[in-house]
Amino acid sequence: TTTGATTTTGATNTTGGATTTTAVTTGVPPDSTVQSFSTRTVLTVADCQTAKDMADKAPDWFIKAFASLYSWLATDDVKVVLQALGCGRRLNDDLARILSSATLAADYTATVPAGTTVKSTDIRPPDASGFQTALQSELKGSQFENTTLTVANFSTPQIVANPPAGPVCAAASLRAIIPLLVVLFFVLERQILTR
């Protein structure tokens, strides 16, 4: 019996030129089916104006880049919130020009499409370099085509999942039945004694 949340942090390893990312499970049984998951990354861009412009105009490209990393995920099932960090409205133009870079946070939520079964052990954080390549490809032909950007590692995915249909559920059902069996035993015992 395991009590409490189980968290396995994903890690990206490169061996002989091959990049692999370990599976991630956060707070859910490993055989659960996934409803949705969320993750975040932070990008470094040239300046605050670029970060603000991307937050306002680039969400669709960010969604397409993210969805392309999961074979079962459609763009309609992905949402992203982009936010320029440390670039408040009171930051004057001169100071904005002095700053050599700015950061852009991308908070993703992805919903597993209806009719698709994905186990919690199948959910992995996107590979940062793979996402960066996909995003730069999506940005071609846009005003951000020549934007220099760097993508940080994605956070451990937070998973919303259904409970597993196997032994865990069977055990839960058995625990619910035990009190009824105890009551039935006492009723039968009393009937035998009164005969």
Side-chain angles (χ1 to χ4, degrees), residues 1-13 18-43 51 54-85 103-139 149 151-180:
T1 302
T2 302
T3 304
T6 300
T7 301
T8 304
T9 303
T12 300
N13 305 305
T19 300
T20 58
T21 306
T22 58
V24 172
T25 302
T26 303
V28 295
D31 290 331
S32 297
T33 56
V34 177
Q35 295 180 18
S36 64
F37 69 97
S38 57
T39 184
R40 160 186 267 226
T41 187
V42 176
L43 295 80
M54 294 188 84
D56 182 48
K57 302 174 182 178
D60 286 346
W61 294 307
F62 273 73
I63 287 174
K64 290 178 180 178
F66 187 89
S68 71
L69 302 179
Y70 297 89
S71 61
W72 43 266
L73 196 57
T75 55
D76 290 343
D77 298 310
V78 179
K79 297 184 184 301
V80 68
V81 176
L82 302 180
Q83 181 181 7
L85 303 179
T103 53
L104 176 70
D107 291 287
Y108 282 96
T109 300
T111 301
V112 176
T116 301
T117 300
V118 177
K119 295 293 185 67
S120 56
T121 49
D122 295 329
I123 298 298
R124 298 168 170 82
D127 174 64
S129 61
F131 174 79
Q132 180 169 323
T133 299
L135 179 60
Q136 289 172 325
S137 177
E138 293 294 340
L139 292 174
L149 54 87
V151 179
N153 288 335
F154 279 78
S155 65
T156 300
Q158 301 300 304
I159 299 171
V160 176
N162 296 308
V168 173
C169 285
S173 299
L174 182 59
R175 286 195 297 269
I177 292 173
I178 286 175
L180 297 176

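The figures here come from the full heavy-atom set of this structure, side chains too, leaving out hydrogens, waters and symmetry mates. Residue numbers start at 1 and run along the sequence shown.
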Exercise. Run the side-chain contact (heavy atoms from CB on, under 4.5 Å) check on D127 and L69 step by step: do they pass?
Worked result: CA-CA 9 Å; D127 174 64; L69 302 179; over 6 Å; no
Problem set entry | Residues K119, T33; criterion side-chain contact (heavy atoms from CB on, under 4.5 Å); working and verdict | CA-CA 4 Å; K119 295 293 185 67; T33 56; 4.2 Å; yes
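Although no hydrogens or angles enter the test, the distance criterion places a donor-acceptor pair under 3.5 Å between the side chain of T133 and the main chain of S129. A donor-acceptor distance shorter than 3.5 angstrom exists from the side chain of Y70 to the backbone of R124, with no hydrogens or angles considered. At distances below 3.5 Å, at least one donor-acceptor pair connects side-chain atoms of Q158 with backbone N or O atoms of T156.
Inter-residue side-chain proximity for S120 and F37 is flagged as unmet; no heavy-atom pair is nearer than 4.5 Å.
Scanning both residues, N153 and A128, for their nearest heavy atoms gives OD1-CB, 3.8 Å. Residues A51 and L104 come closest through the heavy atom pair O-CD1, 3.5 Å. Between A106 and V80, the closest heavy-atom pair is CB-CG2, 4.2 Å. M54 and F62 get closest at one heavy-atom pair: CE-CE1, 3.8 Å. Of all heavy-atom pairs spanning P157 and T39, the tightest one is CA-CB, 4.4 Å. In plain terms, the two heavy atoms of P113 and D77 that are nearest each other are CG-OD2, 3.3 Å.
Ring geometry for F66 versus F154: interplanar angle of 30 to 60°, hence tilted.
Under the side chain to side chain donor-acceptor pair (under 3.5 Å) criterion, the residue pairs touching residues 104-118 are R40-D107, with sequence neighbours excluded.
Taken from CG in L43 to CD in Q132, the straight-line distance is 7.5 Å, to the nearest 0.5 Å.
Q83 pairs by the side chain to side chain donor-acceptor pair (under 3.5 Å) definition with nothing, not counting sequence neighbours.
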